[in-house]
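Excluded from the calculations below are hydrogen atoms, water molecules and symmetry mates; all remaining heavy atoms, backbone and side chain alike, are included. In what follows, chains are A, B, ... by sequence order, proteins preceding strands, each numbered from 1.
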2 protein chains.
Amino acid sequence: MPDRRKRATIREVAQATGLSPAAVSYALRGIQTSEETQERVRAAAEELGYEAHPIARALASGRTGMVGLLCGSLEDYWQQSLAVGIGRALLARDRYALIVDAVGDPQRELVLARQLRDQRVDGLIVQPLDPSAPLWAELAETLPVVSIGDALAGGNSQGEVVFDNRWGVTLALEHLRMLGHRRIAVFTPTRASTPDRPADVHVNAEARRLDLEVEVVVAQQSLAEATDAARRVLEGPGRPSAVFCFSDVIAYGVYAATRALGLSVPGDVAVCGYDNHPMSALLTPPLTTVDWNIGGIVETAVRLVVDVIEERSPARRVVCEPALRVRESTAPATA
Amino acid sequence: MPDRRKRATIREVAQATGLSPAAVSYALRGIQTSEETQERVRAAAEELGYEAHPIARALASGRTGMVGLLCGSLEDYWQQSLAVGIGRALLARDRYALIVDAVGDPQRELVLARQLRDQRVDGLIVQPLDPSAPLWAELAETLPVVSIGDALAGGNSQGEVVFDNRWGVTLALEHLRMLGHRRIAVFTPTRASTPDRPADVHVNAEARRLDLEVEVVVAQQSLAEATDAARRVLEGPGRPSAVFCFSDVIAYGVYAATRALGLSVPGDVAVCGYDNHPMSALLTPPLTTVDWNIGGIVETAVRLVVDVIEERSPARRVVCEPALRVRESTAPATA
DNA sequence: GCCAATGGCTGAACCGGTTCACTGAAGCGG
DNA sequence: CCGCTTCAGTGAACCGGTTCAGCCATTGGC
């Protein structure tokens, strides 16, 4: 094991300046001390190469400077983007993200949530698999909790960034309807509970409103399984003229299925995705998809949680509006 | 701010069992105490809901249980996969990954490396942008450092997981040669320094050995810029019959360029990538690409760093062999 | 000129564990 | 039965900051 060289402590800086450790502590944070003293202390600290020990500081002050990020499943492209973005946004605010991944298991999610609390993170951002768990309310009592995507049970979390997926669905379905499509298959990924990816409720409501005939198919969000599911639907009787996929990855599966069946996109079947994965613009043909401004979500979530940690009071609930990116995978119905 | 409920301390457990705090500390770690005492302490801890405070433990013991992961740029798909995998592998060993992202800036990389050290991570895994910086040697004196991809300057890091990219290049070029291609364009991403993505040296050596005519093009690893670069090469005189891209994303750019120019893959131009991005299997046509077993790299890097932290001595240098996945984007040369 | 308020700083407790030097008792060989 | 080692456990120092009560010297109001 390498021997960890000792670094200067606050008491050494105190000694060097002839002040008490307390005064040094204050001076370095620019409080309770005269300008002149602060300058002197800063100089001495610089000289000695002093840098406050984050662990000691965390123990004494009760704040670690870390924010937990609990992801439902980091397989998802968009959750990865979210995690990367949140990590950067926190770093820009001099905080660290402690990122953990429940790999799709709701039980594990709760275990990890407790572990993060036990690690004394200052706040928690969670993209919940199971928003209804009572644990969230319990955590929110002692810790700023911000949820992304779904509102948490208990209602006393410190913030929510919700996606207006209803609006996203409406955008996609209206787009397809305007192109003349009436029979539409909707592929939606499986999730433990999905109040805000309202495959059944909202899709059906919109279908009625727009006078569309929809068939909802639940598909694993993996390429292979999405391909199989799409194949079954497109081979079956009464093939839909358009497909709306609640995830770009599922749309890729649909592409693969059309290729296998010798169907063309958008000639035989129009395809609309959801996520605006960067790859989607590069497929043949480029995929029409719903984009949910990940940058905005990231910034909002981080702002909410940091505001609570630093005891400013934030807006508690922010809704992010998605937008439709029309590309070449959707075209007027031919039939 | 929520009031953080106080949790049981080790002294309370000591009180409850009639032992000293020291004895409790030992008992919970199963050392220096009798079986019977350990059982009694565990019961009391359970009863009181006691869980050791990680911050206090870190301060006293000098180990935080965290491993820093310093990524060159988390834009890259494969660096994301690496980060996700390393996060999981560490969690499985009861450690946390502190993931930071230099966003492609070598200066920033060094700043972040120092910050991680100051955060008192127990070890550091780095995928270096600038492997030649003297800082690495300095850090390695006081901290287990494992590098991924490139060996670090100074040579005293505790471990290296190197990719055998030479072998990957050989696999790809031999494959293209066997299909009859002789004029090959090689697209390689820009990086600060790339001893182990030896675009010039090794590609040229292999080209000579295999009697190939290659043109090396440096391209940004973004879709748009790769597309432009590919377009310029494919429009130019003496169009190559095959393209080898040192990143699947660049290959996607090549696909886009061929589409724009009305060329077909693999008919007019064969394309071979590098990364085996999961999307690559789903393109039209599915992309032939070099796969570097990310799972193996992840497991190896984590094992190396944890072994050093826990004072077992590891193999110091591990080479990961890539493999070629032949799909439909490469076909025999027609000319 | 007196009392209160303010500014600048100190000393000591505290955060909650770990670890080290030490002790008493038990075990063991001779 | 004695001296030596081993075992279980204790007490106190320690890790390196923060924070609170308190103190002295000014300053200001009236």
Go through the structure and list residues passing side chain to side chain contact (heavy atoms under 4.5 Å, CB included) with A:D105, not counting sequence neighbours.
A:Q107, A:R108
Sorted by number, residues from residues 40-49 of chain A placing a heavy atom under 4.0 Å from DNA chain D are none
Distance-only criterion, 3.5 Å: show the donor-acceptor pairs between side-chain atoms of residues 17-28 of chain A and protein atoms not counting sequence neighbours.
from, atom 1, to, atom 2, distance (Å)
A:T17, OG1, A:V13, O, 2.9
A:T17, OG1, A:A14, O, 3.1
A:S20, OG, A:A23, N, 3.1
A:S25, OG, A:R29, NH2, 2.9

For nucleotides 4-7 of chain D, print each protein N/O atom paired with a nucleotide N/O atom at under 3.5 Å, atom names and distance only.
none

Heavy-atom check, side chain of B:Y50 versus side chain of B:E12, under 4.5 Å:
no
Would a 4.5 Å heavy-atom cut-off, applied to side chains only, mark B:Q38 and B:R42 as touching?
yes
What string of B, S and - do you get for nucleotides 16-24 of chain D, 5' to 3', if B is base contact, S is sugar-phosphate-only contact and - is no contact with any protein heavy atom under 4.0 Å?
BBSBB----
If you measure from the Lys or Arg side-chain nitrogens to the Asp or Glu carboxylate oxygens, is any gap between B:E310 and B:R95 under 4.0 Å?
yes
Are side-chain heavy atoms of A:D150 and A:P128 found at a separation under 4.5 Å?
yes
Could you tell me whether B:E51 and B:R57 have a side-chain N and a carboxylate O separated by less than 4.0 Å?
no
Heavy-atom distance under 4.5 Å between the side chains of A:V319 and A:F163, does that happen here?
no
A:Q38 CD to C:dC9 C1', straight-line distance once rounded to whole Å:
13 Å
A side-chain contact here means heavy atoms from C-beta on lying under 4.5 Å apart; do A:I125 and A:I86 qualify?
yes
Indicate yes or no: at least one non-hydrogen side-chain atom of B:I99 is less than 4.5 angstrom from one of A:V84.
no
May I ask you to check whether A:Y77 and B:Q80 show a side-chain donor-acceptor distance below 3.5 Å?
no
Please round to the nearest 0.5 Å and tell me the distance separating atom CD1 of B:I10 and atom CG of B:L48.
12.0 Å
Inter-end axis angle, the helix from C:dG1-D:dC30 to C:dG30-D:dC1, with every axis fitted to five base pairs (rounded, 10 degrees):
30°
Quick one: is B:T37 getting a side-chain N or O under 4.0 Å of the D:dG9 phosphate, OP1 or OP2?
yes
Considering only heavy atoms from C-beta outward, does the side chain of B:E109 approach that of B:D130 to under 4.5 Å?
yes
